[in-house]
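Read through the structure below, which is laid out as structure tokens, and then see the notes.
Numbering of ligands and ligand atoms starts at 1, following listing order.
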Amino acid sequence: MIQSLRGMNDILSEDYERFEFFISTASTVAKRYGFHYIETPLLEETALFKRSVGESSDIVGKEMYQFTDKGGNDVCLRPEGTAGVVRAFIQHKLDKKGGIHRFYYHGPMFRYERPQKGRLREFHQFGVESFGVASVYEDALMIMMVADILKELGIGYRLKLNSLGDQHCMPAYRDKLVGFIESCGDAICEDCQRRKSTNPIRVLDCKNEKCQSLYTDAPKLINNLCEGCQSDFDTLKSILDQHAIAYEIDTNLVRGLDYYSKTAFEFVSDNIGSQSAIAGGGRYDRLIEFLDGKSTPAVGFALGIERLLELIVMPESVREGYYLGALDEESLPLVLKAAESVRRTQKAVVEYDPKKLQNHLKGADRINARYCAIIGENERANHTIWVKDLVEKSESLIPMSQF
Ligand code: HAM
């Protein structure tokens with residue numbers, strides 16, 4: 001029997017209800033904040049991700065679904081959403097147009113990771129990207145938006161915050177850090193030896209315990225910020241304080257993608273096991289230039305939908321729509337007709353097998369219908385339909401002409 005690929009799941013109706021509830025809640029919040037929907041292709045040129053997410057990242061280095069298409073193009077399934085949105089932003093010349101452009105999106109992402117609880121090879125993100133606002137107020141807006149979405153879904157979280165500096169302070173810090181890493185000699189893991197020359201700050205979130213204990217003495221980026229980055233970071237913290245959004249400063253939060261500068265943040269949950277990041281984001285003011293666009297400040301985030309699904313508290317489901325059935329074969333055409341008129345405005349589910357009233361009522365319960373509407377010999381003779389309101393527990397005979 002053919003099975004779905006490892007780390008790739010079907011979403012069946014019960015889960016889909018949660019999925020749909022999440023998308024509609026998050027989209028409503030995004031629209032309230034003035035964001036517009038954008039859809040970009042699942043397949044892009046591999047070069048897009050190499051130049052944005054970064055060749056030294058695990059995502060590009062180890063996890064891409066990459067292949068040559070029939071036209072000989074080097075392509076891959078998108079591992080994340082930001083790069084494609086930035087590509088679209090530049091391709092449609094919105095960078096040249098100037099002004100503020102705010103987008104939201106959702107859909108599948110693909111990373112060839114080792115599957116485990118909360119870590120899939122095909123997973124879904126809901127993300128937003130904002131272009132054209134350099135003010136740190138926009139960074140705060142991003143965080144407030146995630147907090148709003150999680151609040152509407154009844155999900156608790158911890159927020160981790162860091163600043164990754166910019167082109168003024170990062171190079172000097174990087175040199176300092178490389179000096180420190182070199183002082184560790186061979187004591188660090190192989191991955192960190194490689195990171196030392198490709199992207200030294202990634203050593204800070206190395207999962208190796210020995211490395212972690214060595215790095216407690218590493219210089220902290222947060223103590224090496226230039227004046228501009230420091231003042232923005234202070235402003236961000238005070239905006240969050242004013243909005244009563246609690247945060248923890250995590251100096252090792254470097255994120256797994258290379259395009260960030262200044263603000264970096266992650267929302268984590270303590271209730272879903274080791275893959276605890278439920279959302280991540282930050283500022284990426286240099287990325288548009290890197291991809292040959294006109295320099296434009298930008299900031300965004302993405303939520304991991306699968307990790308949220310187990311945490312969502314669904315509102316109590318309310319009975320809705322009609323269940324319609326016949327007591328005998330002859331009444332079925334009339335039932336179908338009645339269903340057709342209901343369907344113009346409400347849900348109508350027809351049971352084709354004629355059966356006793358009691359069994360129809362059970363069927364209506366099973367699909368959580370508000371009304372159970374039945375036609376039998378008497379109703380047919382009198383041109384009526386018997387309707388029970390399963391919330392009010394009231395019954396009535398309604399003339400078919402008025403149904
Ligand atoms: P990211 O941190 O790589 O950021 O992913 C965002 C979220 O996607 C994570 O916090 C996690 O919930 C979920 N996620 C990531 N990998 C997996 C996986 N293998 N299985 C299940 N869930 C996963 C980004 O992708 C950036 N594009 C976010 C961003 C937008 N930054 C700026 N704008």
What are the atoms of ligand 1, with element, lying closer than 4.0 Å to any heavy atom of Arg119? 19 (N), 20 (N)
Any Lys/Arg nitrogen of Lys160 or Asp250 sitting under 4.0 Å from an Asp/Glu carboxylate oxygen of the other? yes
Ile278 neighbourhood, listing ligand 1 atoms whose heavy-atom distance to it stays under 4.0 Å: 10 (O), 12 (O)
Out of Phe123, Phe126, Phe110, whose heavy atom is nearest to atom 23 (C) of ligand 1? Phe123
If we number the atoms of ligand 1 from 1 as shown, the ones under 4.0 Å from a heavy atom of Leu257 are 3 (O), 4 (O)
Glu129, portion touching ligand 1 at heavy-atom distance under 4.0 Å: side chain
Which residue supplies the protein heavy atom nearest to atom 3 (O) of ligand 1, what is that atom called, and how far is it? Arg111 NH2, 2.9 Å
Would you please determine whether Tyr260 falls within less than 4.0 Å of ligand 1 on a heavy-atom basis? yes
Short list, please: which atoms of ligand 1 are under 4.0 Å from a heavy atom of Tyr259? 26 (C), 27 (N), 31 (N)
Quick one: which ligand 1 atoms are inside 4.0 Å of a heavy atom on Glu80? 25 (O), 26 (C), 27 (N)
If you measure only the distance, is there a donor-acceptor pair under 3.5 Å linking the side chains of Glu152 and Thr25? no
Purely on distance, is any nitrogen or oxygen of Glu113 under 3.5 Å from one on ligand 1? yes
Can you report which non-hydrogen protein atom sits closest to atom 21 (C) of ligand 1, along with the distance? Gly118 O, 3.3 Å
Residue pair Asp234 / Gln230, side-chain donor-acceptor N/O under 3.5 Å: yes
Which residue holds the protein heavy atom closest to atom 20 (N) of ligand 1, what is that atom called, and what is the gap in Å? Leu120 N, 2.9 Å
SB check Asp328 Arg380 (cutoff 4.0 Å): yes
Those atoms of ligand 1 less than 4.0 Å from some heavy atom in Gly280: 10 (O), 28 (C), 29 (C)
Heavy-atom pair of closest approach, residues His360 and Ala326: NE2-O, 2.8 Å
Does a salt bridge link Glu113 with Arg121, judged by any charged N lying under 4.0 Å from a carboxylate O? no
Which option out of Lys117, Arg121, Arg255, Gln116 puts a heavy atom nearest to atom 4 (O) of ligand 1? Arg255
List ligand 1 atoms under 4.0 Å from Gly281, heavy atoms only on the residue side. 31 (N)
Could you tell me how the ring of Phe267 sits relative to the ring of Phe265: parallel (under 30°), tilted (30 to 60°) or perpendicular (over 60°)? perpendicular
Partner of Phe126 by ring-ring contact (aromatic ring centres under 6.0 Å, His included), out of Tyr37, Tyr105, Tyr104: Tyr104
Ligand 1 contacted by Gly127 (non-hydrogen, < 4.0 Å): no
With no hydrogens and no angle check, just 3.5 Å: does a side-chain donor-acceptor pair link Asn199 and Asp258? yes
If you measure every N or O of Leu303 against every N or O of ligand 1, does any of those distances drop under 3.5 Å? no
Give the ring-plane orientation class for Phe131 versus Phe89, where under 30° counts as parallel, over 60° as perpendicular and anything between as tilted. parallel
State whether the shortest distance between N or O atoms of Ala277 and N or O atoms of ligand 1 falls below 3.5 angstrom. yes
I want to know whether His124 and Phe19 have ring centres closer than 6.0 Å. yes
Examine distances only and state if a side-chain atom of Ser213 and a backbone atom of Lys210 form a donor-acceptor pair shorter than 3.5 Å. yes
Got a donor-acceptor contact below 3.5 angstrom from the Glu45 side chain to the Ala47 backbone? no
Tell me: protein heavy atom nearest atom 13 (C) of ligand 1, and distance? Gly304 CA, 3.5 Å
If you take the nearest heavy atom of each of Gln125, Glu122, Arg283, which one is closest to atom 24 (C) of ligand 1? Gln125
Is there at least one pair of N or O atoms, one from Thr82 and one from ligand 1, spaced under 3.5 Å apart? yes
